[in-house]
Amino acid sequence: MTPRTGPGLSRRTLLALGAVGVAGAALAGCTARVNADQNADATQEPAPAHTIDSMLASAPFLVAHRGSWDNWPEHTMTAYRESVNAGAVALEISVCATSDGKLVCHHDLNTERTTGTKLVIKDSTYAQLSELRVDARAWLGPQAEPEEMPLLKDVLDAFAGTHVLFIEDKQGTNAKALLDLMDKYPDSRSRLIWKQSAEAAQIAAVSKRGYTSWGYFTTKQLDLVPELADQFTMLGVHHSASDEDIAAMVATGKPVICWEVHTRVLRDRLVKLGVSGQMAANLPYLASDVPAATTDSFADGVRAAGDLPWAVGAGWDMQPKLSAPSGTLLMVAAANSSYRMGSMSPVTREVYSIQFEMRWPNTLPADSTLHAGMAFGQEDDRPYRVLIPSEVGGYHLVIRPTGEMSLLLRSPGEPGGLRLSSQDTEPVKAGSWMSFKIDIAPDSIRYSRLDGAGWSGLASDRKYRGGYFSLCRNYPEDAPVEFRSIKVV
């Protein structure tokens, strides 16, 4: 079988030089990453400089939202650089001014969320901000290095000549200073785009300077589209808007860019609706439909592109804890939750196996009927939480403290599921690792516990054969569950 692509998507092959070889297939608008270790004597043409015109011509295109903040610390030089290396044609940059007039790249008006220290940027000097670091370890993993907050000038020096940049004045008081700085760069009007809320007042000054503009409308502002759309070159809409509202904005004839996009299923929905571009929070994952790996990367201590907790809008506390030394992932949040292994999905083979190890490291759930395990067979990357109705169907293999393994089938909208098979094994011991294997064939599913005496069960069913799978903790009680050694074989 060949890898699935979303309907309407354009694919191109990413080629890296040297020993890297074929890297995958990308959404139109993404460029090849050049291997920095290539032979210095090899002749190569310089990478083309992207412009607003070339970006629009490559639609549907991806813009690295906050520098693709599912992958790197947001609005840092590392995030912008790595997004470009991953193939981004455009970067989205938020800007605030310090008390001494320095323009820095930062989304929030204060630094508490990103650094752990609360400084109001407009009341702080750049020297004070320079002492802080953008620390995304709670979201990305313990090995994600804290990063400096960059000056906008340094970012423009690095990328204004080669990439399209969306620039937003978050404080709403720095239009002149921003536009004056933008004017200093050659061909700035061919690459720099003014970004603002649809109701912000700066658009008159921006239009007078001759810059392309992108005015974004929240769901509460959609009734203002007929009144305000004409003053912008491009329009923006949030992904939570209805299909009808997005289609109506596309029907204005102006390029529409939707924010913010974390999943392939949302990406594909937006392409079908005709949007020109997407503000991508997870750019490497969205730029391909090919699994990046067949084993987990927990030992790296940084979340792999595509791996995400079920809720990305509920705060960084929903991210499970990665441990590089032990190569484990601990689902500690007291919530019925799942963790999508997007870096290893979709599996497109008709016959394959998923192996994993699991344990309750400290204490077992007090209620012996509670369980954890793995969900699989989903057709796309929408969240699948056991006992919570989901929009996507599939299977889940669950293990209870009693040692019982159960395989269930669940249709969209159902909370529980239909038990297909169960198998008793020895009772679970807190702190002891258990090893499991799920064998998927066109007409059957075999599940096994490999530690101890070895037990297995079999179910004949072929309803769901999607290639996405997730780790699952299926209860809100305070009993963390841990996983390691996830493999597709």
Side-chain angles (χ1 to χ4, degrees), residues 296 298 309-310 320-321 326-341 344 353-378 383-388 390 394-410 414-440 444-459 461 464 468-489:
D296 72 70
F298 300 159
W310 65 273
K321 309 303 180 185
S326 60
T328 58
L329 179 140
L330 181 67
M331 300 181 75
V332 67
N336 185 306
S337 53
S338 67
Y339 188 79
R340 183 186 68 239
M341 298 300 298
M344 301 169 65
S353 301
I354 304 175
Q355 297 179 1
F356 67 100
E357 295 184 15
M358 186 190 98
R359 69 172 180 172
W360 280 280
N362 302 315
T363 58
L364 301 178
D367 183 346
S368 63
T369 66
L370 300 180
H371 45 72
M374 177 172 288
F376 62 97
Q378 290 86 58
Y384 185 108
R385 291 195 290 158
V386 178
L387 302 179
I388 304 293
S390 303
Y395 305 98
H396 47 273
L397 175 68
V398 300
I399 301 91
R400 292 177 170 84
T402 59
E404 180 189 77
M405 296 189 295
S406 297
L407 177 68
L408 297 97
L409 175 152
R410 189 179 72 174
E414 295 181 352
L418 173 67
R419 181 177 298 202
L420 300 177
S421 175
S422 64
Q423 176 67 47
D424 288 329
T425 73
E426 68 181 12
V428 177
K429 297 178 181 178
S432 296
W433 285 102
M434 299 170 285
S435 179
F436 300 94
K437 183 181 181 184
I438 305 170
D439 299 307
I440 296 101
S444 65
I445 300 168
R446 178 180 293 275
Y447 58 97
S448 306
R449 180 175 170 183
L450 305 178
D451 60 288
W455 303 267
S456 64
L458 179 69
D461 192 88
Y464 295 110
Y468 287 88
F469 63 97
S470 304
L471 312 178
C472 295
R473 168 190 160 137
N474 310 322
Y475 51 87
E477 283 75 3
D478 185 15
V481 64
E482 194 169 25
F483 295 87
R484 71 180 184 187
S485 302
I486 318 299
K487 301 177 183 178
V488 174
V489 296

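FYI, side chains are in, hydrogens and waters are out, and symmetry mates aren't considered; it's all heavy atoms of this structure.
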Discussion item. On a heavy-atom basis, which atom in S390 and which in R385 lie closest, and how many Å separate them?
Written reply: OG-N, 3.2 Å

Fill in: Test item: S337 and M331 side chains (from C-beta on) under 4.5 Å apart, heavy atoms
yes

Fill in: Straight-line distance of H396 NE2 to L409 CG, nearest 0.5 Å
9.0 Å

Worksheet item: Pairs in or reaching into residues 414-440: which pass ring pair (Phe, Tyr, Trp, His ring centres under 6.0 Å), with residues at least two apart or in two chains?
Response: F356-F436

Fill in: L387 side chain near H371 side chain, heavy-atom distance below 4.5 Å
yes

Worksheet item: If you look at every heavy atom in T328 and S326, which pair is closest and at what distance?
Response: OG1-OG, 2.7 Å

Discussion item. Please report the interatomic distance OH(Y447) to CE(M374), rounded to the nearest 0.5 Å.
Written reply: 16.0 Å

Worksheet item: Taking it one step at a time, do L471 and I486 satisfy side-chain contact (heavy atoms from CB on, under 4.5 Å)?
Response: CA-CA 10 Å; L471 312 178; I486 318 299; 4.0 Å; yes

Worksheet item: Can you tell if the side chain of K321 reaches within under 4.5 Å of the side chain of P480, non-hydrogen atoms only?
Response: no

Worksheet, complete the sentence: Here the pair of heavy atoms bringing G373 nearest to N474 is N-ND2, 4.3 Å

Worksheet entry | Short side-chain donor-acceptor distance under 3.5 Å, D461 and Y395 | yes

Fill in: By side-chain hydrogen bond (donor to acceptor under 3.5 Å, both in side chains) - contacts of S485 (at least two apart)
none

Worksheet item: What is the minimum heavy-atom distance between G403 and T425, and which atoms define it?
Response: O-OG1, 2.5 Å

Worksheet item: Should E404 and R400 count as an ion pair when the cut-off is N to O under 4.0 Å?
Response: yes

Worksheet entry | Donor-acceptor contact present, side-chain R340 to main-chain W310, <3.5 Å | no

Worksheet item: About how many Å separate CD1 of I399 and CG of L370, when rounded to the nearest 0.5 Å?
Response: 13.5 Å

Worksheet entry | Minimum heavy-atom distance between S435 and D451, given as atom pair plus value | N-OD1, 2.9 Å

Discussion item. Taking the side chain as everything from C-beta on, heavy atoms only, tell me whether R359 gets closer than 4.5 Å to S432.
Written reply: no

Fill in: Gap separating the CD atom of Q355 from the NZ atom of K437, nearest 0.5 angstrom
5.5 Å

Worksheet, complete the sentence: When every non-hydrogen atom of D296 is compared with those of M341, the smallest separation belongs to CB-CE, 4.0 Å

Discussion item. Using side-chain heavy atoms (C-beta onward) and a distance below 4.5 Å, is R446 in contact with S456?
Written reply: yes

Worksheet item: Is any side-chain heavy atom of V481 less than 4.5 Å from a side-chain heavy atom of Y475?
Response: yes

Worksheet item: Could you give the distance from CZ (F376) to SG (C472), rounded to the nearest 0.5 Å?
Response: 10.5 Å

Practice prompt. With rounding to the nearest 0.5 Å, note down the distance linking CD1 in I438 to CZ in F469.
Written response: 9.0 Å

Worksheet item: Do E477 and P365 have side chains that get closer than 4.5 Å, going by heavy atoms?
Response: no

Worksheet item: Given side chains that start at C-beta, do those of Y339 and P309 come closer than 4.5 Å, heavy atoms only?
Response: yes

Worksheet item: If you measure only the distance, is there a donor-acceptor pair under 3.5 Å linking the side chains of S421 and Q423?
Response: no

Practice prompt. Write out all pairs satisfying salt bridge (charged side-chain N to carboxylate O under 4.0 Å, His left out) with one or both partners inside residues 424-436, taking only residues at least two apart or from two chains.
Written response: E426-R449

